[in-house]
There are 2 protein chains.
Amino acid sequence: MLNNSHYIDKLRSSGLRPTKQRIKICEILFNTEKTFHFTINDLVKKISKATNDKISLATVYNTVHAFKKKGYLKEIPINSDQSYFDTNTSHHHHFYDESQKDLIDIDDADVEPVKINTRIPGKKIKSVEVLVKVEDAE
Amino acid sequence: MLNNSHYIDKLRSSGLRPTKQRIKICEILFNTEKTFHFTINDLVKKISKATNDKISLATVYNTVHAFKKKGYLKEIPINSDQSYFDTNTSHHHHFYDESQKDLIDIDDADVEPVKINTRIPGKKIKSVEVLVKVEDAE
DNA sequence: TTCTACATTATAATAGTTCTAAACTGTTGA
DNA sequence: TCAACAGTTTAGAACTATTATAATGTAGAA
Ligand SMILES: [Mn+2]
Ligand SMILES: [Mn+2]
Ligand SMILES: [Zn+2]
Ligand SMILES: [Zn+2]
């Protein structure tokens with residue numbers, strides 16, 4: 001617990017009380033430069049490694065949903081049996097290694113604008129996301 | 001039950017016994033020109049409308065998995081709480097209307113080749129799929 | 001300090017999916 | 001032709017991720 005004032009401010013300014021559970025989860029999710037792609041189970045494991053006082057599963061779910069709602073996390077539909085979340089909330093794309101179940105960011109700047117030559121009448125485009133599945137090169 | 005010999009051959013030639021349950025499911029899934037995007041629940045409802053003799057839920061799951069394994073269906077990761085399947089097994093893309101939970105095909109030819117200016121060492125690209133989220137134009 | 005709305009928690013409930021094991025059926029080949 | 005067998009169907013149980021419930025705890029305001 002070093003420099004948590006940043007998280008405390010962030011939480012408070014978004015109308016979330018800075019409880020010790022939420023601060024701990026912030027530390028785990030956001031204390032790194034790198035994007036973190038995770039399932040709830042991944043996060044639970046990280047928490048139990050990082051702290052002695054446990055956080056209940058319900059709170060982990062509650063917190064992840066609250067953070068998603070506030071825009072601090074994105075949900076990535078990669079797998080139909082578990083939700084994946086992403087600390088990178090900017091518009092970006094992914095490599096996905098199915099054998100390792102590993103998601104890797106592709107910066108939006110690294111994908112040339114995708115041209116789609118068809119439209120749906122009465123609908124407008126909200127986002128265009130590219131998923132690149134990869135496998136081991138032999 | 002008109003022209004099922006086609007399905008019977010198809011099933012038999014892929015090593016699946018042409019049972020009446022599988023033939024019925026073939027009729028529902030493949031008797032149309034149009035792509036069919038569905039959840040297991042959608043399919044169960046279609047079956048119960050189309051026939052009097054019911055097919056057990058376990059058989060619906062078994063059959064969909066068998067067809068996927070044989071390459072007659074693709075699974076589409078759009079939603080993290082239910083699996084979506086697609087009768088269009090060619091390489092293609094999708095529009096997705098989140099409010100209606102409606103998936104619409106985009107032909108591969110309608111998307112200009114996607115250029116990705118980054119790679120993962122030791123991995124090669126298996127597929128590139130584009131998901132276009134849409135919303136009502138005001 | 002007291003009050004209250006918000007938050008955490010253990011646990012129950014739910015829902016989609018998979019497993020189990022018994023009954024059934026398509027196919028083979030004697 | 002038909003017994004034998006492997007593959008298939010089935011009801012229901014089990015499993016797993018997620019959400020709901022409702023009691024207890026706590027942050028922040030007054
Ligand atoms: Mn994981
Ligand atoms: Mn549906
Ligand atoms: Zn990402
Ligand atoms: Zn499709």
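Proteins get letters first, then strands, A, B, ... in listed order; numbering begins at 1 in each.
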Measuring from the side chain of B:A58 (C-beta onward, heavy atoms only), which nucleotide among D:dA11, D:dG28, D:dT9 has the closest atom? D:dA11
Under 4.5 Å between side-chain heavy atoms, counting indirect links through other Ile/Leu/Val/Met/Phe/Trp/Tyr residues: same cluster for B:Y96 and B:V130 or not? no
Could I get the full list of ring-ring contact (aromatic ring centres under 6.0 Å, His included) partners for A:H91, not counting sequence neighbours? A:H93
Taking CZ from A:R22 and C1' from D:dT26, how many angstroms apart are they, rounded to a whole number? 12 Å
Test A:L73 against every option in A:T63, A:L29, A:D86 by the side chain to side chain contact (heavy atoms under 4.5 Å, CB included) rule and name the one that passes. A:L29
Report the distance from atom CD of B:Q21 to atom C1' of D:dA11, rounded to the nearest whole Å. 14 Å
Nucleotides bounding contact with chain A, strand DNA chain C, heavy-atom threshold 4.0 Å: C:dA5 to C:dA10
Does atom NZ (B:K69) have a neighbourhood of more than 12 heavy atoms from anything else shown, all under 6.0 Å? no
Might you confirm whether atom NZ of B:K123 has over 12 heavy atoms from other residues, nucleotides or ligands at distances under 6.0 Å? yes
Just call it for A:T59: base, sugar-phosphate, or nothing, with non-hydrogen atoms closer than 4.0 Å on any strand. base
Using heavy atoms to find the nearest nucleotide of DNA chain D for B:K54 and B:G15 separately, return the residue whose nucleotide is more 5′. B:G15
Rounded distance (nearest 0.5 Å) linking atom OH of B:Y72 with atom CZ of B:F30: 8.5 Å
Please state how far atom CD1 in A:I8 lies from atom C1' in D:dG28, giving the value in whole angstrom units. 13 Å
Under 4.0 Å between a side-chain N or O of B:R17 and OP1 or OP2 of D:dT9? no
List for me each residue that meets salt bridge (charged side-chain N to carboxylate O under 4.0 Å, His left out) alongside B:K124, sequence neighbours excluded, and say none if there are none. A:E138
Sequence neighbours left out, cut at 3.5 Å: what donor-acceptor pairs do the side chains of residues 109-117 of chain B make with other protein atoms?
unit_1	atom_1	unit_2	atom_2	d
B:E112	OE2	A:N117	ND2	3.1
B:N117	ND2	A:E112	OE2	3.1

Salt bridge (charged side-chain N to carboxylate O under 4.0 Å, His left out) against B:K54, all qualifying residues, sequence neighbours excluded: none
Quick one: A:I23 CD1 to D:dG28 P, roughly how many Å, whole number? 9 Å
Taking only N and O in the side chain of B:T19, is any of them less than 4.0 Å away from OP1 or OP2 of D:dT9? yes
List, with names and distances, any nitrogen or oxygen atoms from the protein found under 3.5 Å away from nitrogen or oxygen atoms belonging to nucleotides 16-18 of chain D.
unit_1	atom_1	unit_2	atom_2	d
D:dT18	OP1	A:S83	N	2.8
D:dT18	OP2	A:Y61	OH	2.8
D:dT18	O5'	A:Y61	OH	3.4

Without decimals, in angstroms, what is the distance between A:K24 NZ and D:dT26 P? 18 Å
